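Quick notes on the structure that follows.
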Amino acid sequence: MPSSLDPLLTPEGSRLLADLEAEAFSPSDPLAAGEALRKRGIEKELANAVLTQLDLRRRARTKFGEDAGSLFFTRDGLEQATRQIVSERRARRYRDAGATSIADLGCGIGSDSLAFAKEGLAVLAVDLDEDAASAARLNLAAHPTAQVRRANVCDLDIPSLAHSGIDALFADPARRTGAQGGSARIMDPESWSPPLSLVLSWREAIPRVGVKVAPGIAHEALPADARVEWTSVDSSLVEAAIWTGPLALEGAGRSAVVITGNDVFVLAEEGPANAARLPAPLGPLGAFIAEPDDAVIRSGLIHRLVEETSSTLVSESIAYLSADTPLVSPFLTCFEVEDVVALKPKMISSALRSLGVGRVEVKKRGADIDPAALRKSLKLKGDGEAVVFATRVAGRHRAIIARRRRA
């Protein structure tokens with residue numbers, strides 16, 4: 001079955017892509033760009049393939065930086081690809097756990113496989129999608145110890161992989177329905193492909209098993225003896241991963257990993273990974289309110305953050321922290337409280353006008369409102385900026401008006 005990347009593999013396609021990349025040819029207007037290439041005598045199929053690849057490389061810079069200009073992407077592959085800094089950190093975990101040869105199951109375009117190869121591991125990259133496998137072959141071409149196989153990972157004989165010398169697995173199960181199913185998220189881990197239970201059963205043959213999972217996975221679905229990490233990059237929650245056997249370097253437990261720029265911060269707790277979330281103490285709303293990073297919330301480590309910052313929750317089961325002094329931590333964003341009013345547009349508008357606020361961001365937790373609709377209903381005047389927290393304070397719906405404290 002041909003791949004959509006095939007036109008780029010011809011001498012003409014390879015040369016054209018390299019030339020346009022070197023001259024920073026921008027396909028921001030696809031019609032005009034396509035017309036410009038056709039005027040150069042480029043056939044339509046090749047022009048479309050090159051322009052698509054240039055556009056994907058431009059979009060990929062947020063995940064891969066300058067390396068994006070030398071990689072090959074598919075649209076789905078780019079969306080699903082791991083950010084480079086996360087892949088590099090993952091590869092070091094495998095190295096530190098003593099892995100030497102890894103099977104990357106559901107490799108996509110090979111972004112993780114590339115990080116494994118750069119870390120010195122032999123790599124078998126496996127994916128069923130022809131376009132993804134083609135992109136992975138291109139991206140791994142410079143690494144002779146890496147090979148790509150097009151196959152369904154559910155059909156693999158894991159004991160045979162172990163006998164062939166593979167001593168580690170990394171799996172990224174498909175967690176969405178197909179295009180005909182609306183590409184919706186699949187929440188049940190046993191409906192993933194492969195199912196989570198199948199992936200975890202592979203530990204019997206190869207103990208070093210890592211698996212990328214949905215950040216919203218229920219904690220009770222986690223293996224008790226694993227280390228599970230939730231990772232955010234520049235305030236965006238990007239993934240969760242389960243590490244089993246020797247890969248659980250820290251021992252069993254849950255961790256929130258917050259990456260800001262090149263800095264990595266870890267908030268962790270030891271114990272069974274599937275343990276119930278522990279409660280955090282409640283307290284009155286103080287002079288400052290803080291919003292924890294989503295990695296902390298999803299990992300169930302709010303109580304650890306409350307303990308570390310000497311703060312309290314403003315309302316039960318709502319992830320807003322408060323204290324009378326500024327809350328300083330890489331795991332949260334702090335705001336200074338200016339006013340607290342009833343959660344009614346007229347009262348919020350009045351308070352904002354008195355503060356000279358003309359631009360507002362609305363955040364909500366524990367309140368059944370539409371932030372966009374609330375923001376639109378506010379009659380604002382002024383040059384100031386503020387954040388409105390639509391939430392509950394001591395069990396009652398309130399609007400907390402606050403200003404962001406710059407880090």
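Bear in mind that the values here come from a model prediction, so they are computed numbers and not experimental data. All residue numbers in this chain count up from 1 along the given sequence.
Leu196 places a side-chain heavy atom less than 4.5 Å from the side chain of Ile217. With contacts defined as side-chain heavy-atom distances shorter than 4.5 Å, the pair Arg405/Phe288 qualifies. Ser197 is not listed as a side-chain neighbour of Leu200, based on a closest heavy-atom distance of 4.5 Å or more. Within the 4.5 Å cutoff, the side chain of Val306 has no heavy atoms near those of the His303 side chain.
Atom CD1 of Ile289 sits about 12.5 Å away from atom CD of Glu336, to the nearest 0.5 Å. Here the straight-line distance linking atom CZ of Arg61 with atom CD of Glu66 works out to 6.5 Å at 0.5 Å rounding. Expressed to the nearest 0.5 Å, how far CD of Glu308 lies from CG of Leu301 amounts to 9.5 Å. Atom OG of Ser310 sits about 11.0 Å away from atom CG of Leu321, to the nearest 0.5 Å. One finds the CG atom of Leu247 at 7.0 Å from the CZ atom of Arg208 (value rounded to the nearest 0.5 Å). With values rounded to the nearest 0.5 angstrom, Leu71 atom CG is found 9.5 Å from Leu140 atom CG.
A donor-acceptor contact closer than 3.5 angstrom is absent between the side chains of Asp131 and Thr74. Counting only N and O atoms by type, the side chains of Thr333 and Arg404 include no donor and acceptor under 3.5 Å apart. Judged purely by distance below 3.5 Å, without hydrogens or angles, the side chains of Ser87 and Asp112 pair a donor atom with an acceptor atom. For the residue pair Thr100/Asp167, the side-chain donor-acceptor check at 3.5 Å is satisfied.
In terms of heavy-atom proximity, Ile158 sits nearest to Ala205 at CG2-CB, 4.0 Å. Summarising the geometry of Pro207 relative to Thr244, their closest heavy-atom pair is O-OG1, 3.2 Å, with the distance given to 0.1 Å. Shortest non-hydrogen contact noted between Ala290 and Leu327 is CB-CD1, 3.4 Å.
Remark: the backbone N or O of Arg254 is paired with a side-chain donor or acceptor of Arg227 at under 3.5 angstrom. Distance alone, capped at 3.5 Å, places no donor-acceptor pair between the Tyr94 side chain and the Ser101 backbone. Thr10 contributes a side-chain N or O that, together with a main-chain N or O of Pro7, makes up a donor-acceptor pair within less than 3.5 Å. Judged by distance alone, with hydrogens and angles left aside, the side-chain atoms of Ser201 form a donor-acceptor pair with the main-chain N or O of Leu198 at under 3.5 Å. Without hydrogens or angle criteria, Ser322 side chain to Gly286 main chain gives a donor-acceptor distance under 3.5 Å. Side chain of His143 to main chain of Ala122: no donor-acceptor pair is present (N/O by atom type, distance under 3.5 Å, no hydrogens or angles).
Between Glu250 and Arg93, at least one side-chain nitrogen of the basic residue sits less than 4.0 Å from a carboxylate oxygen of the acidic one, meeting the salt-bridge criterion. The pair Glu361-Lys363 meets the salt-bridge criterion, with a side-chain N (NZ, NE, NH1 or NH2) lying under 4.0 Å from an Asp/Glu carboxylate O. A salt bridge does not link Arg75 with Glu79: none of the charged nitrogens is closer than 4.0 Å to a carboxylate oxygen. Salt bridge absent: Arg137 and Asp127 never bring a charged side-chain N and a carboxylate O closer than 4.0 Å.
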Enumerate donor-acceptor pairs with a distance under 3.5 Å from any side-chain N or O in residues 114-121 to protein atoms, sequence neighbours excluded.
from, atom 1, to, atom 2, distance (Å)
Glu119, OE2, Arg95, NH1, 2.7

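More than 12 heavy atoms of other residues, nucleotides or ligands shown are found within 6.0 angstrom of CD on Glu190. In the displayed structure, Arg403 atom CZ is contacted under 6.0 Å by more than 12 heavy atoms of other residues, nucleotides or ligands. Taking a 6.0 Å sphere around CG of Asp383, one finds it holds 12 or fewer heavy atoms contributed by other residues, nucleotides or ligands. Other residues, nucleotides and ligands place no more than 12 heavy atoms under 6.0 Å from the CG atom of Asp368. Heavy atoms from other residues, nucleotides or ligands lying under 6.0 Å from CD of Glu316 number 12 at most.
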*Thr260 and Asp234: side-chain contact (heavy atoms from CB on, under 4.5 Å), yes or no, with the steps?*
CA-CA 5 Å; Thr260 304; Asp234 296 329; 4.2 Å; yes
*Working for side-chain contact (heavy atoms from CB on, under 4.5 Å), residues Trp192 and Val199*: CA-CA 10 Å; Trp192 297 346; Val199 176; over 6 Å; no
*Does the side-chain contact (heavy atoms from CB on, under 4.5 Å) test come out yes or no for Thr145 and Val123, once each step is laid out?*
CA-CA 6 Å; Thr145 61; Val123 180; 5.9 Å; no
*Audit row: Arg353, Ser350, side-chain contact (heavy atoms from CB on, under 4.5 Å) steps and yes/no*: CA-CA 5 Å; Arg353 282 197 300 271; Ser350 176; 4.2 Å; yes
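When each of Arg298, Arg83, Arg175, Arg90 is tested with Glu239 by the rule salt bridge (charged side-chain N to carboxylate O under 4.0 Å, His left out), just one qualifies, namely Arg90. The only member of Val258, Val296, Asp294 that meets side-chain contact (heavy atoms from CB on, under 4.5 Å) when paired with Leu237 is Asp294. The only option from Leu305, Val257, Ile302, Asp293 that meets the side-chain contact (heavy atoms from CB on, under 4.5 Å) definition with Leu267 turns out to be Leu305.
Here His219 pairs with Trp230 under the ring-ring contact (aromatic ring centres under 6.0 Å, His included) rule; sequence neighbours left out. Evaluation of the ring-ring contact (aromatic ring centres under 6.0 Å, His included) rule for Phe389 yields Tyr320, Phe335 as partners, not counting sequence neighbours.
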